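Residue numbers begin at 1 in each chain, while the letters A, B, ... track the order of the sequences. The model shown is predicted, which means the values in this text are computed figures rather than measured ones.
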2 protein chains.
Amino acid sequence: MGTHPDVKRRRKKQGLIRARQHLFRSGETSNRIVVVRSGWALRSAMTADGRRQVLSILLPGDIAGGELLVRGQIRNPIQTITPVDYCVFEVDQLKEIAAEDPKLVWTFVDLCFSGREASEARLVDLGRRNAEQRLARLILELHERLTAKNLAEEDSIPFPLRQQSIADMLGLTQVHVSRVMRSLRENRIVQVRNGVLTILDMNALVEVAQQYSH
Amino acid sequence: MGTHPDVKRRRKKQGLIRARQHLFRSGETSNRIVVVRSGWALRSAMTADGRRQVLSILLPGDIAGGELLVRGQIRNPIQTITPVDYCVFEVDQLKEIAAEDPKLVWTFVDLCFSGREASEARLVDLGRRNAEQRLARLILELHERLTAKNLAEEDSIPFPLRQQSIADMLGLTQVHVSRVMRSLRENRIVQVRNGVLTILDMNALVEVAQQYSH
DNA sequence: GTGTTTCTTTAACTTGTGTTATAAATCCAG
DNA sequence: CTGGATTTATAACACAAGTTAAAGAAACAC
């Protein structure tokens with residue numbers, strides 16, 4: 001899609017934030033939207049009894065807090081899992097720009113649909129696929145997204161995710177994520193070392209991701 | 001939100017379609033968007049091995065095929081589960097109207113966000129709640145939505161869903177949905193008769209929906 | 001009505017994933 | 001380098017939900 005030229009011109013501020021910090025808190029009423037420039041963050045929801053469901057992974061280039069364009073407040077907190085540097089856009093300014101150039105609003109519609117498609121893809125995973133498939137598909141998704149952003153080398157990608165975060169994303173427990181990781185490791189399909197995940201056997205990984213199941 | 005006045009004026013056609021028919025097929029490239037006027041429909045995704053995940057339930061007032069505003073084709077098929085009558089809007093015309101009145105585009109952004117929020121709520125259900133909670137929450141959601149549309153009487157709502165569809169929505173099997181329904185029935189929490197579901201004990205239902213779990 | 005098909009219920013049995021607990025790695029501050 | 005905190009690995013056991021099968025019930029066609 002690419003950033004809109006008017007938006008670039010009006011870029012206001014930027015910032016750097018450490019790992020494990022909130023980029024947005026639930027309920028926050030802010031008028032700034034953030035674009036991640038480097039680093040990873042997780043957007044999640046909490047249940048009443050304190051368990052977490054990760055809704056999406058934010059990678060460089062992704063927008064955080066876009067709902068502020070149409071909602072008064074942030075619903076889902078966003079926390080960094082690595083240091084993140086970002087730039088900030090004022091909601092009011094974006095709206096002004098959009099008023100001048102209606103095409104921009106269609107860009108928002110488009111972005112919003114992409115986000116929805118992504119969360120529906122995850123829905124299918126949680127509803128209809130087993131743990132092994134979910135993990136394999138998550139790895140493939142990250143590999144694709146990072147490759148598109150030129151952040152992968154060959155079949156290696158940065159991998160700062162803790163097993164607990166993966167569990168919270170895939171609707172599993174950390175223990176079970178560990179089991180499935182072991183299976184992928186022992187079958188020489190993927191390898192994780194020093195925060196880098198390497199896909200050793202792409203065909204096998206795709207196979208696992210697509211295997212018929214339940 | 002309410003339908004935009006310009007849109008109402010240009011309403012083109014309407015139609016009636018029987019139960020178990022496709023309102024949209026996957027891959028369809030149509031230039032018509034549909035608003036459901038009465039009846040229920042399901043939007044779903046299929047896995048490679050033919051299992052189904054229901055992504056959303058369309059009730060009267062809901063839009064079907066909205067993605068055609070920003071995408072070339074329909075990704076997820078929509079099938080009626082009751083007779084549906086609907087009205088049709090041409091995509092091109094909507095875009096023309098939107099060009100004249102940019103507010104309308106913001107309405108699309110808003111709608112799109114609502115859809116995303118709904119699918120993320122379901123994501124939390126599938127990732128972090130057990131079968132009983134999922135079903136209780138589905139019933140409460142339908143009750144709320146139908147009440148808002150004035151389609152509920154007291155605590156009774158029309159309920160044309162087959163157990164298999166509920167299963168495909170909640171990531172369960174039909175057999176297990178039957179078990180959970182039995183539990184709700186035997187505890188005198190809900191009752192289904194002649195396609196009408198009655199909430200006999202709202203407090204208990206809310207309790208089930210929120211119980212701490214796993 | 002009668003027969004046919006589609007749903008639902010129920011039971012018996014299996015299994016994937018959760019739970020709990022502990023040990024082993026790894027990371028990090030000082 | 002050392003000690004403490006996180007994170008990961010493993011094992012043993014438990015249970016929610018899946019599977020299969022078969023019988024009832026309901027819906028539907030003629």
Side-chain angles (χ1 to χ4, degrees), chain A residues 18-20 42 47 49-53 79 81-83 125-136 159-187 190-197 208 211-214, chain B residues 18-21 42 47 49-53 79-83 125-136 138 158-187 190-197 208 211-214:
Chain A
R18 280 175 304 137
R20 284 154 206 272
L42 302 181
T47 63
D49 53 329
R51 282 166 318 141
R52 181 174 72 151
Q53 175 65 44
Q79 284 167 281
I81 56 175
T82 70
D125 277 3
L126 297 205
R128 290 295 174 224
R129 293 193 237 262
N130 67 23
E132 229 188 359
Q133 288 179 87
R134 291 181 211 174
L135 183 53
F159 199 74
L161 290 170
R162 307 293 95 203
Q163 288 183 353
Q164 184 60 59
S165 297
I166 298 173
D168 291 343
M169 205 170 325
L170 302 183
L172 302 169
T173 58
Q174 177 269 317
V175 174
H176 200 58
V177 169
S178 175
R179 287 197 274 248
V180 177
M181 286 293 276
R182 162 147 86 143
S183 146
L184 292 180
R185 189 191 324 130
E186 288 182 344
N187 290 313
V190 306
Q191 181 185 66
V192 182
R193 238 173 9 208
N194 296 322
V196 173
L197 180 150
V208 170
Q211 97 211 197
Y212 291 0
S213 89
H214 251 298
Chain B
R18 282 175 302 138
R20 284 153 206 274
Q21 303 298 117
L42 301 180
T47 63
D49 53 328
R51 283 165 319 141
R52 181 174 71 149
Q53 175 65 43
Q79 284 167 280
T80 60
I81 57 175
T82 69
D125 277 4
L126 297 205
R128 290 296 174 221
R129 294 193 235 262
N130 67 24
E132 227 187 1
Q133 289 180 84
R134 290 180 213 175
L135 183 53
L138 172 63
F159 198 75
L161 290 171
R162 306 295 95 202
Q163 288 183 353
Q164 184 60 61
S165 296
I166 298 172
D168 291 343
M169 205 169 327
L170 302 184
L172 303 168
T173 58
Q174 178 269 318
V175 174
H176 200 58
V177 169
S178 174
R179 289 197 273 248
V180 177
M181 286 293 276
R182 161 146 89 143
S183 147
L184 292 180
R185 188 191 325 131
E186 289 182 344
N187 290 312
V190 306
Q191 181 185 65
V192 182
R193 239 175 3 212
N194 297 323
V196 173
L197 180 149
V208 170
Q211 100 213 189
Y212 291 179
S213 87
H214 253 299

Quiz item: Between A:D168 and B:R128, is there a salt bridge with N-O shorter than 4.0 Å?
Solution: yes
Quiz item: Taking NE2 from B:H176 and P from D:dT20, how many angstroms apart are they, rounded to a whole number?
Solution: 17 Å
Self-check item: Rounded distance in Å - CE (B:M181) to P (D:dA26)
Solution: 14 Å
Practice problem: Return the set of residues passing salt bridge (charged side-chain N to carboxylate O under 4.0 Å, His left out) with A:R182 (not counting sequence neighbours), or none when no residue passes. | Solution: A:E186
Quiz item: Which part of the nucleic acid, if any, lies within reach of A:G171 when heavy atoms closer than 4.0 Å are counted: base, sugar-phosphate only, or nothing?
Solution: sugar-phosphate
Quiz item: Yes or no on side chain to side chain donor-acceptor pair (under 3.5 Å) for A:Q174 and A:Q163, after CA distance, side-chain angles and deciding distance?
Solution: CA-CA 6 Å; A:Q174 177 269 317; A:Q163 288 183 353; 2.9 Å; yes
Quiz prompt | Whole-Å distance separating the CZ atom of B:R128 from the P atom of D:dA17 | solution = 14 Å
Practice problem: Please determine if a side-chain N or O atom of B:S178 lies less than 4.0 Å away from the OP1 or OP2 oxygen of C:dT8. | Solution: no
Quiz item: Under 4.0 Å between a side-chain N/O of B:R162 and OP1 or OP2 of C:dT8, yes or no?
Solution: yes
Quiz item: What nucleic acid atoms does B:R20 come within less than 4.0 Å of, heavy atoms only: base, sugar-phosphate, or nothing?
Solution: sugar-phosphate
Exercise. Write down the atom of B:E132, the atom of B:V208, and the distance for their closest heavy-atom approach.
Key: O-CG1, 3.8 Å
Exercise. Rounded off to whole Å, could you give me the CZ-to-C1' distance for the A:R193 and D:dT7 pair?
Key: 18 Å
Quiz item: Does any donor-acceptor pair link the side chain of A:R179 with the base of C:dG16 at a separation under 3.5 Å?
Solution: no
Quiz item: 5'-most contact on DNA chain C: B:Q163 or A:G195, nearest heavy atom basis?
Solution: B:Q163
